[in-house]
Amino acid sequence: MTKSIRQCFRCEDYERINLVYVLVDTDASRKNSAESDTQCLKDFFEVPITFPPTYKYVLNSDVYQIEKNEEVRRPSYTDHILISTFSNDLEIIQYSSIDDVKLSDHRPVFADTILHQRSKNNDMFKNTSTEKTRTTNNHIKTIVKQHLLTFLMTIATITFVCILSFLVMCQILIKRQTQKTDMQQTAQINIVGTPSSVESQFIHKIIKTRLRNNSINGIHIQIYDNIAEVSQSITPYDLPVTFSQQEWYDIRADSIRLVGNCVNVRAQILSFNRTSLNGQRVMIKRDIDSDLYTDGIMIDETRNLVEDLIDNTYYTITNDRIRYLSIPSVGKFSVDFVLETCTNEQVYLRYLQNKIKWKVRYDLLLASNNTDSILQAYAEIRNDGGSSLVVNSAKLFSGDINIQSTSGSVDSNAYGGGASDAPLFQSQSNGYASAPSYPAVSDAEELVGLYIFSINETFILDTRSSYTLPMFRPIIDIERYGSIEKSFLPTDNRGNVQRTYRLRVEQTFLPRGQVFIRESDQLVGEIYWPDLASNETNEFTLGQDPDLRYIERVQLNSRRKLYQTNSSRIVLSTYTIDLHLINNKPRAMNIEYRLKFSSQSNLKLSENTTNNALQLDGSSIIGTFELNANDEQQYKFTFETE
């Protein structure tokens with residue numbers, strides 16, 4: 001009995017099966033063969049087997065299929081090469097299997113032999129030729145030829161279809177060029193009629209603007225504080241253009257328009273297109289506890305109904321048990337127009353994009369000498385969408401504009417701490433040091449009560465980014481003072497004076513925006529001011545000043561009844577206020593005082609201060625007082641009110 005051969009086979013599911021050992025006893029195999037009933041192979045022998053079992057493999061793999069009806073199937077030998085015992089002139093060089101051929105669940109076997117031929121005198125033998133004979137070579141060649149023939153037929157079919165498609169496209173282009181020439185002669189085209197008249201007319205099916213994650217070239221954009229209107233130049237030959245789902249959600253679908261000097265839109269169609277996975281081949285996991293995937297076909301992707309090609313059964317499975325052989329298609333939105341247009345007419349596709357917006361920020365840099373103070377305005381442009389934009393020109397609109405956005409506002413911290421301000425736009429480097437360049441923002445132009453700032457240079461709005469561009473720097477007139485503004489109460493009170501500024505800008509409209517105020521290059525406050533017309537005075541406070549205080553002592557002098565013509569009666573009261581103003585600063589300060597009343601009817605200033613510093617202003621008593629450094633002043637005045 002020859003020596004048994006032990007071979008170790010690793011199964012695909014290493015965790016579950018671990019190692020399977022198969023013991024192959026060639027002597028026992030030969031013995032069983034010899035003791036068969038027919039004894040037909042008694043004059044043949046087999047060379048000792050030194051290779052692994054050749055059956056049964058999983059197709060196109062090196063894995064044995066060891067499961068059979070919930071039992072373990074042992075790998076075995078199904079293909080043998082037997083040699084006649086009378087073949088004395090045949091020398092066996094090698095007897096093995098071919099592991100590279102995986103088209104079947106068998107592995108073919110082969111034998112290399114040398115055939116010795118006797119010489120003519122029969123006294124000696126000589127080796128006349130060495131011929132390697134592999135019993136499976138012819139089978140392999142046949143299989144290769146069949147696959148090669150199938151491949152060549154497929155290539156020939158594809159080539160024929162491509163050539164045919166090319167010829168058809170050429171014919172269509174020639175026909176369209178002929179129609180275009182006819183249009184240039186008639187100067188106008190008409191796109192109406194029944195399908196029977198379509199061949200004699202030039203049908204413009206436009207749209208579909210492509211907003212891929214890559215950039216869009218050649219667009220013009222009008223940006224507002226909560227939305228933007230994008231205008232892209234297209235031609236009637238731009239067929240078809242689509243929006244991805246993410247791009248579509250950033251667009252107000254009801255705002256899509258096609259405009260031009262000679263455009264008459266007859267119809268507009270919005271549609272959603274997606275390639276179905278039904279009928280495509282997929283890999284499915286039959287057993288939840290196994291990592292083995294088998295071939296299947298998607299029958300209904302809405303229910304994940306698949307056909308199992310192993311046993312030709314149908315069942316539904318979860319998404320995590322499906323593997324796709326190609327990237328699943330993603331649905332896209334498209335917009336189509338049927339229109340009438342003039343020859344060579346330039347048309348624009350317009351729509352509102354709610355992820356692009358802008359606002360104004362200011363730096364108010366105050367110096368000890370007011371003439372050296374500076375107000376610098378910046379335009380902050382944000383692109384919170386998922387697509388970058390190459391912008392040919394832009395207009396920034398400011399003023400009281402009411403345009404609704406379909407999406408909620410984006411949190412300033414939406415990108416992990418907020419979308420940081422990007423650097424000012426930089427030019428391409430040519431190897432030499434140069435100062436960075438950025439698009440310039442023009443001065444404002446008024447349009448029916450709105451103000452427009454223009455950018456007439458090409459720039460890029462990257463996705464989820466914020467860009468800050470310098471705008472105007474007007475000449476300003478700034479004044480600092482302390483203010484007391486309060487409603488009258490018939491009781492004593494005291495408090496601190498407010499730090500107040502009065503700003504006036506000549507011949508420059510100031511859009512609303514956030515303002516950082518700095519004194520001597522130190523940040524001292526932040527405010528938000530509304531739209532301010534040119535030459536309009538803007539007053540704002542930054543908080544209380546502990547060095548400036550006031551004290552009011554109120555005394556009721558008298559009361560009297562007053563009867564009006566309608567027989568109604570009112571009571572008039574006379575008060576005297578003793579006002580103390582205190583300046584603990586080492587410099588002189590102006591303090592403006594405003595005492596407000598509920599009504600200006602019957603309000604009368606009876607006795608003024610010694611220098612007549614107070615006066616009536618509607619329903620208020622106002623006055624301006626100048627206090628020297630470390631000064632305290634006292635003022636008395638009397639008034640009558642309801």
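Positions are given from 1 along the sequence. Please read all numbers here as calculations on a predicted model, not as lab measurements.
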* Look at atom CG of N261 and say whether more than 12 heavy atoms of other residues, nucleotides or ligands are closer to it than 6.0 Å. => no

* To do: Apply salt bridge (charged side-chain N to carboxylate O under 4.0 Å, His left out) to E479 and list each qualifying residue two or more places apart in sequence or on a separate chain.
  => R502

* Can any side-chain N or O of T508 pair as donor or acceptor with the backbone N or O of V505 at less than 3.5 Å? -> no

* Under a 4.0 Å N-O cut-off, is there an ion pair linking K357 with D225? -> no

* To do: Not counting sequence neighbours, which residues clear side chain to side chain donor-acceptor pair (under 3.5 Å) with N369? List them please.
  => T371

* Could you state the interatomic distance from OG1 (T624) to CG (L614), rounded to the nearest 0.5 Å? -> 9.0 Å

* Asked: Which heavy atom of E552 sits nearest a heavy atom of L595, and at what distance?
  -> OE2-CD1, 4.2 Å

* **With sequence neighbours excluded, residues passing side-chain contact (heavy atoms from CB on, under 4.5 Å) with R257** => V259

* To do: For S393 and H220, test the side chains for any donor-to-acceptor distance below 3.5 angstrom and give the result as yes or no.
  => yes

* **Check: R553/H580 side-chain N/O donor and acceptor closer than 3.5 Å** => yes

* T318: partners by side-chain contact (heavy atoms from CB on, under 4.5 Å), with sequence neighbours left out -> D320, R321

* Pairwise salt bridge (Lys or Arg N to Asp or Glu O under 4.0 Å) hits with a residue in residues 615-637, at least two apart -> R594-D617

* To do: Could you verify whether a donor N or O on one side chain and an acceptor N or O on the other, from D462 and N383, lie under 3.5 Å apart?
  => no

* Spacing of I227 atom CD1 and I401 atom CD1 [to the nearest 0.5 Å] -> 11.5 Å

* To do: Compute whether any side-chain donor of one residue and acceptor of the other, for D578 and Q634, lie under 3.5 angstrom apart.
  => yes

* Look at the rings of Y451 and F509 and say which category their plane angle falls in: under 30° parallel, 30 to 60° tilted, over 60° perpendicular. => parallel

* Check: S271/S334 side-chain N/O donor and acceptor closer than 3.5 Å -> yes

* **Step-by-step side chain to side chain donor-acceptor pair (under 3.5 Å) determination, T576 to T638** => CA-CA 4 Å; T576 297; T638 303; 2.9 Å; yes

* Asked: Would one find more than 12 heavy atoms of other residues, nucleotides or ligands at under 6.0 Å from atom CD of E445?
  -> no

* **Criterion side chain to side chain donor-acceptor pair (under 3.5 Å) on N630 and N583, from CA distance to verdict** => CA-CA 5 Å; N630 300 312; N583 177 20; over 6 Å; no

* Qualifying residue, where the test is ring pair (Phe, Tyr, Trp, His ring centres under 6.0 Å) with Y362 and the options are Y528, F516, Y378, W529 -> W529

* So, are D545 and R499 salt-bridged, with charged N and O less than 4.0 Å apart? -> no

* Main-chain N/O of S454 paired to S442 side chain as donor or acceptor, under 3.5 Å -> yes

* Asked: Between CD of Q498 and CD1 of I484, what distance do you get to the nearest 0.5 Å?
  -> 9.5 Å

* For E607, salt bridge (charged side-chain N to carboxylate O under 4.0 Å, His left out) partners two or more places apart -> none

* **For Q600, side-chain contact (heavy atoms from CB on, under 4.5 Å) partners two or more places apart** => S619

* So which heavy atom on P511 is nearest to which on F472, and how close? -> CD-CZ, 3.9 Å

* Do the side chains of I551 and L579 get nearer than 4.5 Å, heavy atoms only? -> no

* **N493 side-chain N/O to T491 backbone N/O, donor-acceptor pair under 3.5 Å** => yes

* Asked: Near E506 CD, under 6.0 Å, is it more than 12 heavy atoms from other residues, nucleotides or ligands?
  -> no

* Exercise: identify the closest heavy-atom pair between N535 and Q507 -> OD1-N, 3.5 Å

* To do: Would you mind listing every ring-ring contact (aromatic ring centres under 6.0 Å, His included) that reaches into residues 532-562, with sequence neighbours excluded?
  => Y501-F540

* Asked: Should the heavy atoms of other residues, nucleotides or ligands under 6.0 Å from CZ of R480 be counted, would the total exceed 12?
  -> yes

* State, yes or no, whether a side-chain contact exists between Y351 and E229 at a heavy-atom distance under 4.5 Å. => no

* To do: Could you list all the ring-ring contact (aromatic ring centres under 6.0 Å, His included) pairs where at least one residue sits in residues 586-610, not counting sequence neighbours?
  => F488-F597, F597-F639

* Using the side chain to side chain contact (heavy atoms under 4.5 Å, CB included) rule, pick out the option among L562, V571, N602 that qualifies with E642. => N602

* **Those residues that, when tested against E457, pass salt bridge (charged side-chain N to carboxylate O under 4.0 Å, His left out) (two or more places apart)** => none

* Asked: Can Q376 and R473 be counted as having a side-chain donor-acceptor contact under 3.5 angstrom?
  -> yes

* To do: Working to the nearest 0.5 Å, report the span between CG of L510 and OG of S398.
  => 9.5 Å

* Asked: Can you name the nearest heavy-atom pair linking I517 to L542, along with the distance?
  -> CD1-CD2, 3.9 Å

* Residue pair R464, K355: steps toward the side chain to side chain contact (heavy atoms under 4.5 Å, CB included) verdict -> CA-CA 9 Å; R464 292 180 173 85; K355 294 296 185 180; over 6 Å; no

* Asked: Ring centres of W358 and F397 under 6.0 Å apart?
  -> no

* Got a donor-acceptor contact below 3.5 angstrom from the T463 side chain to the S388 backbone? -> no

* Asked: Under 3.5 Å, is there a donor-acceptor pair between the side chain of D531 and the main chain of R512?
  -> yes

* Structure fact -> R560 meets the salt bridge (charged side-chain N to carboxylate O under 4.0 Å, His left out) criterion, sequence neighbours left out, with E640

* Structure fact -> Taken to the nearest 0.5 Å, the spacing of E519 CD from D521 CG works out to 11.0 Å

* Roughly how far apart are I582 CD1 and I591 CD1, rounded to 0.5 Å? -> 9.5 Å

* K596/E485 salt bridge by N-O under 4.0 Å criterion -> yes

* **Any donor-acceptor pair under 3.5 Å from S231 side chain to R350 backbone** => no

* Might you point out which heavy atoms bring A613 and N608 nearest each other, and give the distance in Å? => N-OD1, 3.8 Å

* Results of ring-ring contact (aromatic ring centres under 6.0 Å, His included) for Y481 - residues two or more places apart only -> none

* Under 3.5 Å, is there a donor-acceptor pair between the S483 and T500 side chains? -> yes

* Kindly check if the number of other-residue, nucleotide or ligand heavy atoms within 6.0 Å of CD1 (I570) is above 12? => yes

* Compare every heavy atom of L258 with every heavy atom of V265, then report the nearest pair and how far apart it is. => CG2-O, 3.9 Å

